[in-house]
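Reminder, nothing fancy here: chain letters follow the sequence lines and each chain counts from 1. For the numbers below, each heavy atom of this structure counts, side chains included, while hydrogens, waters and symmetry mates do not. This is a predicted model, so every value here is computed, not measured.
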Protein chains: 2
Amino acid sequence: MKTLEKILENNKVKPTAMRLLVLQFILRKKTALSLSQLENYFDNADRTTIYRTIKTFVEKGLVHQIDDGTGVTKYALCEENCECEIETDLHLHFHCTKCEETTCLTEHKIPQINLPEGFIAENINLVVKGICDKCSTS
Amino acid sequence: MKTLEKILENNKVKPTAMRLLVLQFILRKKTALSLSQLENYFDNADRTTIYRTIKTFVEKGLVHQIDDGTGVTKYALCEENCECEIETDLHLHFHCTKCEETTCLTEHKIPQINLPEGFIAENINLVVKGICDKCSTS
DNA sequence: ATAAGTATTGCAACAATAGTGCATTAACTG
DNA sequence: CAGTTAATGCACTATTGTTGCAATACTTAT
Ligand SMILES: [Mn+2]
Ligand SMILES: [Mn+2]
Ligand SMILES: [Zn+2]
Ligand SMILES: [Zn+2]
């Protein structure tokens, strides 16, 4: 069980108060989160600070961004030793249309995609929409 | 070769002047387009009218929306007898990071995705980013 | 310990996209 | 032609994301 400070230091991020709080929030949450969720939770913190905190986390490879098709960027913790690019990861994401939560399916890698002649793939984003496990069994 | 009017009527859309012009523009363009591209092209037309024209086209199944990960929704003509949902289609989309054009790869269907227990898929969006055929051969 | 330099934060402002309310105009129906 | 419905134009709003800059906090060298 690593401390919050250790996690930040391992990713070469200086552990400031705000960064520790944001990291704690991300760690506790099992699904991906948006900036506005953080803004609502830390309602006396500055919007820009939260924005730049997440930006730093993304740049340092601590979290990855997810475009789940809702128009709002989501963020989730990277796996340990994760090799994901800055923009996306190789695993697929699930967006539940009922609870509106976005989940990283880290075990489910994106299958091989074959493209027409001349197209060169650099990055792939695969988002499945539907009903998540929690919502389907309740 | 169908006339523009026929295409609209087949989709139960009344052929107004603006709708015909927008449809013509979409038909001529081989790649997906954004609202701002339409706004720039029809620079004396009202933004809202263009917005609602596209919205009507989407609702009537004439075009489908594409979330290509750029943050700007793109629109492209549906194939004939296309069974695509309102939001997305079953084929994959390619976004070129060089020319910034988004292409429908209508022949390339999204492969079967298996999900963890309890997750129910309703819709899948797969976007590949990279270099398109035109940009890779020039 | 102090001063200088660097990193972080807070505030204000901006831009782009998306969307709504409502009055006006055009088209259609009897 | 009058009455009804549909489409358009204008103004305004909301949200997300982003930047500039001044004020703090933190670090490092004298
Ligand atoms: Mn993920
Ligand atoms: Mn398409
Ligand atoms: Zn759910
Ligand atoms: Zn290209």
Side-chain angles (χ1 to χ4, degrees), chain A residues 4-5 8-9 11-25 32-60 62-76 86-88 95 100 102 127, chain B residues 4-5 8-9 11-25 32-60 62-76 86-88 95 100 102 127:
Chain A
L4 297 169
E5 281 91 348
L8 290 182
E9 278 160 14
N11 286 276
K12 300 192 175 74
V13 178
K14 279 184 209 161
T16 68
M18 197 65 225
R19 286 172 181 170
L20 289 166
L21 288 168
V22 170
L23 178 60
Q24 188 177 55
F25 187 77
L33 48 85
S34 65
L35 283 176
S36 57
Q37 280 177 287
L38 284 167
E39 286 163 29
N40 290 339
Y41 186 76
F42 300 107
D43 57 351
N44 44 359
D46 186 72
R47 227 167 61 83
T48 317
T49 306
I50 294 171
Y51 168 74
R52 284 198 266 238
T53 298
I54 287 290
K55 202 179 170 189
T56 303
F57 286 3
V58 171
E59 282 163 0
K60 300 294 183 173
L62 196 52
V63 305
H64 62 279
Q65 327 192 343
I66 305 157
D67 170 18
D68 61 8
T70 59
V72 179
T73 305
K74 303 288 163 59
Y75 302 90
I86 288 157
E87 287 248 342
T88 40
H95 178 75
E100 305 205 305
T102 298
V127 179
Chain B
L4 298 170
E5 281 90 349
L8 289 182
E9 278 160 14
N11 286 276
K12 300 192 176 74
V13 177
K14 278 184 209 161
T16 67
M18 197 65 224
R19 287 171 180 172
L20 290 165
L21 288 168
V22 170
L23 177 60
Q24 189 177 55
F25 187 77
L33 48 85
S34 64
L35 282 174
S36 57
Q37 280 176 288
L38 284 166
E39 286 163 29
N40 291 339
Y41 186 76
F42 301 109
D43 56 351
N44 45 0
D46 185 73
R47 223 172 56 81
T48 316
T49 306
I50 294 171
Y51 168 75
R52 285 199 263 239
T53 298
I54 287 289
K55 202 179 170 189
T56 303
F57 285 4
V58 171
E59 282 163 0
K60 300 294 183 173
L62 196 52
V63 305
H64 61 280
Q65 324 190 347
I66 306 157
D67 171 18
D68 61 6
T70 60
V72 180
T73 305
K74 303 288 162 60
Y75 303 89
I86 288 157
E87 288 248 340
T88 40
H95 178 75
E100 305 205 303
T102 297
V127 179

Write down the atom of B/Val22, the atom of B/Phe57, and the distance for their closest heavy-atom approach.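 Nearest heavy atoms, B/Val22 then B/Phe57: CG1-CE2, 3.9 Å.
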Here the pair of heavy atoms bringing B/Thr53 nearest to B/Met18 is OG1-CG, 4.1 Å
For atom [atom1] of [X] and atom [atom2] of [N], their distance in whole Å:
X       : N      : atom1 : atom2 : result
B/Asp67 : C/dT17 : CG    : P     : 14 Å
A/Arg19 : D/dA25 : CZ    : C1'   : 12 Å
A/Asp68 : D/dT16 : CG    : P     : 12 Å
A/Asp46 : D/dT19 : CG    : C1'   : 13 Å
A/Ile50 : C/dT8  : CD1   : P     : 17 Å
A/Phe42 : C/dT9  : CZ    : P     : 13 Å
A/Leu35 : D/dA14 : CG    : P     : 20 Å
B/Ile54 : C/dT17 : CD1   : C1'   : 15 Å

Donor-acceptor under 3.5 Å (B/Arg19 side chain, B/Lys14 main chain): yes
Looking only at side-chain N and O atoms, does [X] come under 4.0 Å of OP1 or OP2 in [N]?
X       : N      : answer
B/Thr73 : C/dA18 : yes
B/Arg47 : D/dC10 : no
B/Thr49 : D/dG9  : yes

Is there, by distance only and without an angle test, a donor paired with an acceptor across the side chain of B/Arg52 and the base of D/dG9 below 3.5 Å? yes
Side chain of A/Tyr51: nearest nucleotide among C/dA18, D/dT18, C/dC11?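 My answer, after comparing the listed nucleotides, is D/dT18.
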Spatial distance of atom CD1 (A/Ile54) from atom CD (A/Gln65) [nearest 0.5 Å]: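 One gets 9.5 Å once the value is rounded to the nearest 0.5 Å.
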Which residue lies more 5' along DNA chain C, comparing B/Lys55 with B/Lys14 via nearest heavy atoms: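 The answer here is B/Lys55.
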If you look at every strand shown and take non-hydrogen atoms under 4.0 Å, does A/Thr48 touch a base, only sugar-phosphate, or nothing? base
Using the side chain to side chain donor-acceptor pair (under 3.5 Å) rule, pick out the option among B/Asp67, B/Asp68, B/Thr73 that qualifies with B/Thr70. B/Asp68
